[in-house]
Structures are given as C-alpha cells and as structure tokens.
There are 2 protein chains.
Amino acid sequence: MINKGRVTIKDIARDLNLSTSTVSRALRNHPDISDATKKLVVQYANENDYHPDAIAQSLKNMRTNTIGVMVPEIKHDFFSAALNGIEDVTYAAGFTIMVCKSNESYEREVLNTRALLSNRVAGFIVSIAQNSITHDHFQSLKDKGIPLVFFDRIAEDIEASKVMIDDYEAAFKATEYLINKGYKKIAHFAGPDNMIISRERHNGYKDAFEKNNIKYDKNYVIRGGLNEEDGMIAFQKLQELPKMPDAILAVTDPVAIGAFVQINQSKLKIPDDIALMGFSNNAITSLVSPSITTVAQPAYEMGSTAAKMLLEEIHYKGSYFQHRTEVLSTQLIEREST
Amino acid sequence: MINKGRVTIKDIARDLNLSTSTVSRALRNHPDISDATKKLVVQYANENDYHPDAIAQSLKNMRTNTIGVMVPEIKHDFFSAALNGIEDVTYAAGFTIMVCKSNESYEREVLNTRALLSNRVAGFIVSIAQNSITHDHFQSLKDKGIPLVFFDRIAEDIEASKVMIDDYEAAFKATEYLINKGYKKIAHFAGPDNMIISRERHNGYKDAFEKNNIKYDKNYVIRGGLNEEDGMIAFQKLQELPKMPDAILAVTDPVAIGAFVQINQSKLKIPDDIALMGFSNNAITSLVSPSITTVAQPAYEMGSTAAKMLLEEIHYKGSYFQHRTEVLSTQLIEREST
DNA sequence: TTATTTTCCACAAACGATTGCGGTAGAACG
DNA sequence: CGTTCTACCGCAATCGTTTGTGGAAAATAA
C-alpha cells in the first residue's frame with residue numbers, strides 16, 4: 001500500500017476500528033489502554049512506518065522541539081565550533097536546531113528572528129551581528145516569554161542568560177604578555193566600537209599600558225571590522241604611519257591572518273621585525289609558518305554551555321527563571337610569531 | 001495589553017468584531033473583502049505585532065517553508081561554504097534551512113532524516129555520511145514524494161537530482177599534472193572505498209598512470225579517512241615503506257594538511273624532497289608555507305546549485321519531475337608545494 | 001416594483017495530534 | 001439481584017490558519 005502521503009493516526013484508527021484518541025493514547029502508553037490494544041497499535045504503527053507529525057504536535061503543545069540559532073557567519077572556525085557544541089547538546093536532548101545566519105546585518109537579524117519566532121522555536125541561541133544597533137527584536141522575544149541565550153556577542157541591555165569570555169582580561173593579559181616579551185610599540189587592530197567584545201578587548205589593551213607605566217599611543221589603534229580583509233586594510237593603514245610598531249595585537253584571528261598575508265608581502269619578517277598576535281585560536285594559526293600566538297577561546301564549550309543553559313530555561317517550570325552569565329576562561333597560546 | 005502569548009487571528013477577529021475567516025482573507029488581500037475592512041485589519045495587525053503562526057500554516061498547507069540540510073560536518077571549509085550557498089538561495093526564496101549534521105555516522109543520518117521528515121521539511125539537501133551503508137532512508141523520502149537533492153557525496157542508486165564534480169577527471173588531471181612535473185613515484189592517500197568520491201578519485205589517479213605508460217605501485221596507495229588525523233596516519237604508514245615517494249596526492253585538503261604537519265616534523269622538505277597536493281582548495285592551503293597545490297571545488301556554487309534545483313522541484317507542479325545531475329567544473333590551482 | 005447580480009462577510013470543516021470528560025461494559029461487592 | 005467500582009474506550013474540543021460554501025444586504029437591471 002504505497003500511500004502518497006504519510007501515515008497518520010487517523011489511518012491507524014480507521015484500519016484498526018479504533019478512535020484516534022485510543023490510538024494516540026496507545027502510542028503514548030497511557031494506562032487507560034489495555035495491553036492488547038497497545039500491542040496491536042504499536043505493531044501496526046511500526047509496520048506502516050508511522051511517525052508522529054511534529055508540526056501537528058507543535059501546534060497542539062504550543063511548542064516545538066526546535067531551537068533557533070542565529071550566528072553572524074557559519075564559516076568562521078569559532079562559530080562552526082560553537083555550532084558543534086550547540087548541536088551535540090541539543091541533539092542529545094531530543095531537539096533539532098534551526099540555523100540562521102545574519103551575515104552581520106541588522107536587517108537580516110530582525111527578519112530571521114521573526115522567521116524563527118513564526119516557527120515557534122522553543123528557544124533562541126544568538127550571537128549578535130556586527131551591525132546590530134537596537135536590540136528590540138530580542139527584547140520582544142523576552143516579552144513573549146521565549147527563552148534566549150546569548151553567547152560571545154551579547155546584548156548588555158537585555159536580561160537573559162549569557163555565555164562569554166572575559167574579553168577585557170584576555171586582551172589585558174595578551175598585551176601584558178607582549179610587554180613582558182620586550183615589545184615597546186604595540187599596535188592594536190580593533191573591531192567596531194559598537195561591539196562589546198571589541199570595546200572590552202580594546203580596554204584591556206589600553207589598561208595594560210597604564211598598569212605597566214607605558215605611554216599609550218592612540219595612533220597605533222586601527223579600527224576596522226573582524227575579518228581577513230579588515231586585517232589587510234588595517235596593516236596598510238599602519239604602513240602609512242611615520243614609525244612602524246614592533247608588535248600587533250589583532251582583535252580576531254581572521255584579522256591577524258589578513259595582517260599576516262600583508263606582512264609577508266612586505267619586507268618585514270615575523271617575528272623579528274614585527275610580532276603578531278591573534279585572538280580565538282583558529283586552526284589556521286597553528287598551521288601557518290611562523291605559527292601565530294593567540295588566545296584560545298573555548299568555542300565548543302561556549303556553544304555547549306549556551307545550549308545547556310537554554311535547555312535548563314526551557315525545562316524550567318517555575319515562575320521566574322534566574323538568568324546567569326557564564327564567563328569561560330581563555331588561554332594564551334604562545335607560538336612562533338611573538 | 002501585554003499578552004503573554006502571541007497575537008492570533010482570533011484575537012484580531014474578536015477585537016474587531018469580525019470572523020477569523022474575514023481576518024485571514026483580509027490579511028491575504030482576498031478580493032471578497034472590502035477595502036475598508038482590509039485597511040482596518042491590516043492596521044490592527046501591524047499595531048499589535050501580529051505575525052502568522054508558521055506551524056499552523058504548515059499544518060493546514062501540508063507543507064513548510066523549511067528545507068532540511070544534512071551534512072557530515074559543519075566545520076569543514078567545503079561544507080560551510082556549501083551551506084552559505086544553500087542559505088543564500090533558499091533565504092532569497094523565503095525559505096529557512098534546518099541544518100543537521102550526521103557526524104559521518106549512519107545511525108545519526110537515519111535519525112536526522114526522520115526528525116526532518118517529522119518536521120515536514122519541504123525538501124532535503126544531503127551530502128551522505130562516510131559510514132552510510134544503505135540508502136533506504138533516502139529512498140523512503142522519494143517514496144513519500146519529498147524532493148531530495150544530493151551534493152558532493154551522492155547516492156548512485158537513488159533517482160534524484162545531484163550536484164557533483166567530476167572527481168575522476170579532476171584526480172586524473174591532478175595526477176597527470178604531477179607526472180608532467182617530472183614526479184615519478186606518486187603516492188595517493190585515498191579515502192574509504194565505499195564512498196564514490198574516493199573511488200572516483202582513486203580511479204582517476206590510477207588511470208593517469210596507465211595513459212602515461214607508467215607503472216602503478218599499489219603500495220603507494222594508503223587508504224584511510226578524509227580528515228587531518230587520517231593524513232597524519234597515512235604519512236606514518238608511508239614512512240614504513242622501503243622507498244619514499246616523491247609526491248603525494250591527498251584525497252582531501254584536510255588529509256593533505258595532516259600530511260603537511262607530519263612532513264614538517266620529519267626531515268623532509270616540501271617540495272624538494274616530496275611534493276604535496278590536496279583536493280578542495282580550503283582557505284588554509286593558500287596560507288600555509290609552502291602553500292599547497294590543490295584542486296578548487298566550487299563549494300559555494302555546489303550549495304547554491306543544489307538549492308536552486310531543489311526549489312525547482314518543490315515548485316514543480318507537473319506529475320513527473322525530470323531529475324538531472326549537474327557536474328560542476330574544477331580547477332587545478334598550482335602553488336608552491338609541487 | 002420585482003428580479004437578478006454583486007458585494008461582503010460568517011459558518012464550519014478541515015490539517016494531525018492531544019486530552020478532559022463521559023459512557024458502556026463487565027467484575028466485584030453487599 | 002441490585003449497586004458500586006474498575007477497566008477500557010469514544011466523543012468532542014482544541015491549537016491557529018485556510019478555504020469552500022452559503023447567505024444577507026446592497027446595488028443594479030428589468
């Protein structure tokens with residue numbers, strides 16, 4: 001019997017001369033149903049490849065087993081590793097994930113939020129887009145009572161669970177590490193000022209000078225985006241300065257890689273002429289030559305932690321869920337570039 | 001009026017003293033509804049942030065605007081680029097994607113297929129897991145009339161649209177390129193034999209010798225997986241041979257990178273002592289030093305093409321959809337490692 | 001004025017699954 | 001034998017939306 005459509009509870013009920021309610025209860029092992037009927041129904045369901053329609057269940061239960069994930073980009077090591085962490089945890093809990101990427105665009109972030117909302121996801125895991133200005137679309141999720149967890153790129157003004165690293169401390173230690181290594185003129189390729197992570201990293205960088213009584217040169221801070229091309233541009237700007245620095249701290253690994261490519265095309269040698277340091281411990285930093293010193297961000301753990309926190313909130317039965325912010329620790333990985 | 005739940009068509013109907021059907025038709029601009037009523041309803045809907053419930057719509061329409069995507073892994077450059085291609089095309093068509101990863105596991109592939117099926121995805125885009133043996137779960141999709149497109153890792157025995165590259169030809173040309181470069185003893189780090197892409201690449205490699213009247217040494221073919229660790233293991237096996245080859249053709253870039261790391265830890269130099277060639281043109285192959293010659297696979301285009309073909313099939317109204325197989329062209333990218 | 005058409009809207013049945021409630025057997029009890 | 005209880009199952013409403021059909025009022029035609 002090759003049915004074009006799928007087998008429903010109604011089909012089973014009709015073929016077995018039962019009511020749909022009985023079939024439903026039999027499949028869910030309800031005590032009201034006799035063992036004989038249960039066996040009959042379950043067997044028939046198996047034989048006919050019956051699987052409950054998640055859409056119908058969702059409509060009835062007013063919730064789905066899907067978790068919406070929004071990231072700025074998929075291809076970055078950090079996010080794909082985080083996605084792996086999210087996927088592993090949610091999968092184990094019987095959820096599937098719906099991944100949207102914002103392409104670092106505010107408009108797309110808003111649109112995707114709406115789409116996921118329309119799909120009644122049980123919760124959101126979000127890392128905010130670079131160009132995101134207002135957070136109204138996220139606030140509206142909270143207003144609707146939908147669990148929401150931010151990771152890495154968080155929104156300070158929204159009360160929600162958050163998973164992050166201490167960007168300030170990590171950048172502070174990274175800068176101090178360079179200072180202790182003997183570098184005097186340390187440039188910083190910073191990210192956009194509206195992003196917390198780049199602000200924090202910049203502040204950490206700045207304060208490291210203060211604590212070590214070193215003068216801080218504003219001209220050595222080149223502001224830009226977070227990707228490879230931004231690193232390339234930043235290095236070109238750097239070369240226009242009267243005096244080149246002897247070290248660069250990049251806000252992300254892609255930026256460091258962009259700088260890396262440009263430096264190799266100049267006459268400068270890493271690390272003798274100029275040291276280079278990244279941020280994230282992307283796989284590539286260990287494979288290029290010279291390998292690049294960086295700060296290891298626990299991407300997978302951030303993803304899995306965010307997922308765990310979200311599931312906790314989803315399953316929470318009480319009236320008021322206590323949100324918390326998890327700060328995961330980073331690790332400085334010393335390599336050949338410094 | 002902060003409603004805990006979301007605004008539904010019923011709410012609007014009640015507040016406006018209309019029936020739900022009128023509200024629904026007004027929102028969908030049905031000719032039966034007067035302009036005055038339409039304006040009233042639309043304005044009220046906007047003011048109260050109404051958005052249709054995709055779940056309920058899906059249940060009614062018997063289909064969703066979601067496309068299920070299953071890949072073995074997310075973090076690989078190839079798949080994340082393909083995902084970008086898929087996402088861009090489907091997003092433009094008003095679809096969202098649901099991404100599952102099989103982790104190269106057959107069981108998980110079957111489970112995920114079921115989950116996506118339960119969620120009534122409008123269609124599937126799949127790249128098969130390494131350990132996938134039977135394809136029954138995919139055949140059952142076809143039987144249910146659900147559009148399905150394979151890309152890269154295809155199933156030969158299933159009649160469906162497919163997007164692939166000519167792995168045989170690409171490997172053939174790659175090997176011939178090495179032969180013309182003057183390399184005599186060319187090893188091949190091959191993939192698992194049950195995968196078409198590794199079989200095809202192996203055959204291309206083999207036949208290149210035949211065509212050029214060079215003896216083919218079976219011992220130089222090391223069989224393994226597709227990832228970095230497999231490349232490492234393969235190189236270690238290679239070192240146990242009495243005579244080292246003067247070139248290696250790896251089945252994938254990660255395998256090449258694995259070999260790359262191991263070679264650098266040995267006394268051998270690339271390309272003087274041993275040449276190395278990968279497959280996929282992952283970003284990293286251009287950034288390591290020496291950079292690695294590879295075959296460029298149009299990952300983004302494969303994804304976008306697969307998505308386009310799927311949308312075509314989803315929107316197809318006729319009775320019999322003519323499946324086709326798109327073979328995208330590859331490009332040999334010569335770098336320092338050969 | 002009456003007959004016919006047009007305009008505009010409501011009723012109700014779906015889609016597939018879940019669940020409170022009610023009801024009919026038979027068993028158990030007095 | 002009459003009553004109560006238990007075991008088991010069906011009825012019908014529900015989730016939010018769409019859509020075929022019917023019907024009242026208004027507009028037009030005769």
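Here the structure is a predicted model, which is why all the values come from computation and not from measurement. Naming: A, B, ... by sequence-line order, numbering from 1 per chain. We use all heavy atoms of the structure for the numbers below, so side chains are in, but hydrogens, waters and symmetry mates are not.
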Practice problem: I would like to know whether B:Tyr300 and B:Asp88 meet side-chain hydrogen bond (donor to acceptor under 3.5 Å, both in side chains); could you show each step before the answer? | Solution: CA-CA 10 Å; B:Tyr300 180 93; B:Asp88 286 348; 2.6 Å; yes
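- By the 4.0 Å N-to-carboxylate-O rule, A:Glu109 lies too far from A:Arg153 to be salt-bridged with it.
- Taking atom NE2 on A:His30 and atom P on C:dA17, their separation rounds to 17 Å, with Å as the unit.
- Note: CG (A:Asn17) to C1' (D:dG10) measures 13 Å, nearest angstrom.
- One can find a donor-acceptor pair under 3.5 Å joining the base of D:dT18 and the side-chain atoms of B:Lys60.
- If you check the side chains of A:Asp11 and A:Tyr50, you find no donor sitting under 3.5 Å from an acceptor.
- To the nearest angstrom, P of C:dC9 lies 11 Å from CG of B:Leu16.
- Contacts between residues 31-39 of chain A and DNA chain D, counted as heavy-atom distances below 4.0 Å, involve A:Asp32, A:Ile33, A:Ser34, A:Thr37.
- With ring centers used as reference points, A:His137 lies under 6.0 Å from A:Tyr106.
- Distance B:Leu18 CG to C:dT7 P: 20 Å, rounded to the nearest Å.
- When the P atom of D:dC15 is taken as reference, atom CD1 of A:Ile55 falls 18 Å away, rounded to whole Å.
- Distance alone, capped at 3.5 Å, places no donor-acceptor pair between the B:Ser161 side chain and the B:Ala306 backbone.
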Self-check item: Base versus backbone protein contacts along nucleotides 23-28 of chain C [heavy-atom cut-off under 4.0 Å; B, S, -]
Solution: ------
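- A heavy atom closer than 4.0 Å to some atom of DNA chain D occurs in A:Ser19, A:Ser21, A:Thr22, A:Arg25, these being the qualifying members of residues 19-29 of chain A.
- In this structure, the CG atom of B:Leu59 is 9 Å from the P atom of C:dA17, given to the nearest Å.
- In this structure, A:Arg14 places its CZ atom 15 Å from P of D:dG10, rounding to the nearest Å.
- Terminal axes of the helix from C:dA3-D:dT28 to C:dG30-D:dC1 (five pairs each, C1' rotation axis) are separated by 70°, to the nearest 10°.
- From B:Glu107, atom CD reaches atom CD1 of B:Ile133 across 7.0 Å, with rounding to the nearest 0.5 Å.
- To the nearest angstrom, C1' of C:dC15 lies 16 Å from CG of B:Asn119.
- For B:Gln57 and D:dG16, the shortest distance from a side-chain N or O to OP1 or OP2 is not below 4.0 Å.
- Using a distance-only test at 3.5 Å, with no hydrogens or angles considered, no donor-acceptor pair links the side chain of A:Asn103 to the main chain of A:Ser105.
- A side-chain donor-acceptor contact under 3.5 Å links A:Arg6 to the backbone of B:Leu117.
- Residues satisfying the side chain to side chain contact (heavy atoms under 4.5 Å, CB included) criterion with A:Ala299, sequence neighbours excluded, are A:Phe78, A:Ala81.
- Within the nucleic acid shown, B:Arg120 comes within 4.0 Å of sugar-phosphate atoms alone, with no base atom in reach, counting heavy atoms only.
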Quiz prompt | Audit row: A:Ile12, A:Val7, side chain to side chain contact (heavy atoms under 4.5 Å, CB included) steps and yes/no | solution = CA-CA 8 Å; A:Ile12 302 181; A:Val7 181; 4.2 Å; yes
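- Using modelled atom types, no side-chain atom of A:Lys38 and backbone atom of A:Arg28 make a donor-acceptor pair closer than 3.5 Å.
- For residues 58-75 of chain B, no residue pair satisfies the salt bridge (Lys or Arg N to Asp or Glu O under 4.0 Å) rule, not counting sequence neighbours.
- For B:Tyr50, a side-chain nitrogen or oxygen approaches OP1 or OP2 of D:dT17 to under 4.0 Å.
- Of the listed residues (B:Ile196, B:Asp152, B:Ile154), just one forms a side-chain contact (heavy atoms from CB on, under 4.5 Å) with B:Met164, and that residue is B:Ile154.
- Using a 4.0 Å cut-off between a side-chain N of Lys or Arg and a carboxylate O of Asp or Glu, B:Lys308 and B:Glu326 do not qualify as a salt bridge.
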